[in-house]
Amino acid sequence: QVQLVESGGGLVQAGGSLRLSCAASGRTFRSYAMGWFRQAPGKEREFVAAFSWSGHSTYYADSVKGRFTISRDNAKNTVYLQMNSLKPEDTAVYYCAARAYNRDYDKDYEYDYWGQGTQVTVSS
């Protein structure tokens, strides 16, 4: 099993930046492909960014492409989401997730483990 704990959320003005962190427990961190999702009030959870199963490629939702960057530090068992040029529409609870198999990276139901989420609020 993997336990995931997100941090780094907060309140930021439009145009600002935040870096989210997701710390994973367990020595098998490298066995999982990681992703980030978000859920805004009254909306369904949506894909934000993810690594491919091999870890060599990254994928982004069109809405964040060019502004967000996913990265990971295997030595620290941590995955990051650098968010730049934030917009009010980025306001949501952000979740990191881990998938244990080579499945669709952008489908939340394909992920096996989830963090508790961290709130990101972008003011206009």
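This one's a predicted model, so the numbers in the text were calculated from it and none came from an experiment. No hydrogens, no waters, no symmetry mates; every other heavy atom, side chains included, goes into these values.
The heavy-atom pair separating Pro88 from Ser124 by the smallest distance is CG-CB, 3.9 Å. Scanning all heavy atoms of the two residues, the minimum distance from Trp53 to Ser31 falls at CH2-O, 3.6 Å. Here the shortest heavy-atom pairing between Ala24 and Val2 reads CB-CG1, 3.9 Å. Residue Arg99 comes nearest to Ser52 through the heavy atom pair NH2-C, 3.7 Å, listed as atom of the first residue, atom of the second, then distance. Of all heavy-atom pairs between Ser71 and Val79, the closest is O-CG2, 3.0 Å.
In this structure, Glu44 contributes its side chain and Gln39 its backbone to no donor-acceptor pair below 3.5 Å. The main-chain N or O of Asp73 is never found under 3.5 Å from a side-chain atom of Tyr80 such that the two would form a donor-acceptor pair. Of the possible polar contacts, none joining the Thr91 side chain to the Glu89 backbone as a donor-acceptor pair under 3.5 Å is found. Within the 3.5 Å criterion, the main-chain N or O of Phe51 finds no donor-acceptor partner in the side chain of Thr58.
Residues meeting the side-chain hydrogen bond (donor to acceptor under 3.5 Å, both in side chains) test with Ser7, sequence neighbours left out: none. By the side-chain hydrogen bond (donor to acceptor under 3.5 Å, both in side chains) test, Tyr94 is found to be paired with Arg38, residues two or more places apart in sequence or in another chain being considered. Residues passing the side-chain hydrogen bond (donor to acceptor under 3.5 Å, both in side chains) test with Thr121 are Gln119, sequence neighbours excluded.
Counting side-chain heavy-atom gaps under 4.5 Å among Ile, Leu, Val, Met, Phe, Trp and Tyr, the cluster of Phe37 also holds Phe47, Tyr59, Val93, Tyr95, Tyr105, Tyr111, Trp114.
Sorted by first then second residue, the salt bridge (Lys or Arg N to Asp or Glu O under 4.0 Å) pairs that include residues 54-69, not counting sequence neighbours, are Asp62-Lys65, Arg67-Asp90. Residues in residues 110-122 take part in these salt bridge (Lys or Arg N to Asp or Glu O under 4.0 Å) pairs, two or more places apart or across chains: Arg103-Glu110, Arg103-Asp112.
A distance of 8.0 Å separates CE of Met83 from CH2 of Trp36, quoted to the nearest 0.5 Å. Atom CG in Asn84 sits 11.5 Å away from atom CZ in Arg19 (nearest 0.5 Å). Distance check: Leu4 CG to Ser25 OG gives 7.0 Å after rounding to the nearest 0.5 Å. In this structure, the separation between CD on Gln82 and CD1 on Ile70 is 12.5 Å, given to the nearest 0.5 Å. Here SG of Cys22 is found 5.0 Å from CD of Glu6. Values are rounded to the nearest 0.5 Å.
More than 12 non-hydrogen atoms from other residues, nucleotides or ligands lie less than 6.0 angstrom from CD of Gln116.
With contacts defined as side-chain heavy-atom distances shorter than 4.5 Å, the pair Val48/Phe68 qualifies. Annotation: side chain of Val120 is in contact with side chain of Leu20 (closest heavy-atom distance under 4.5 Å).
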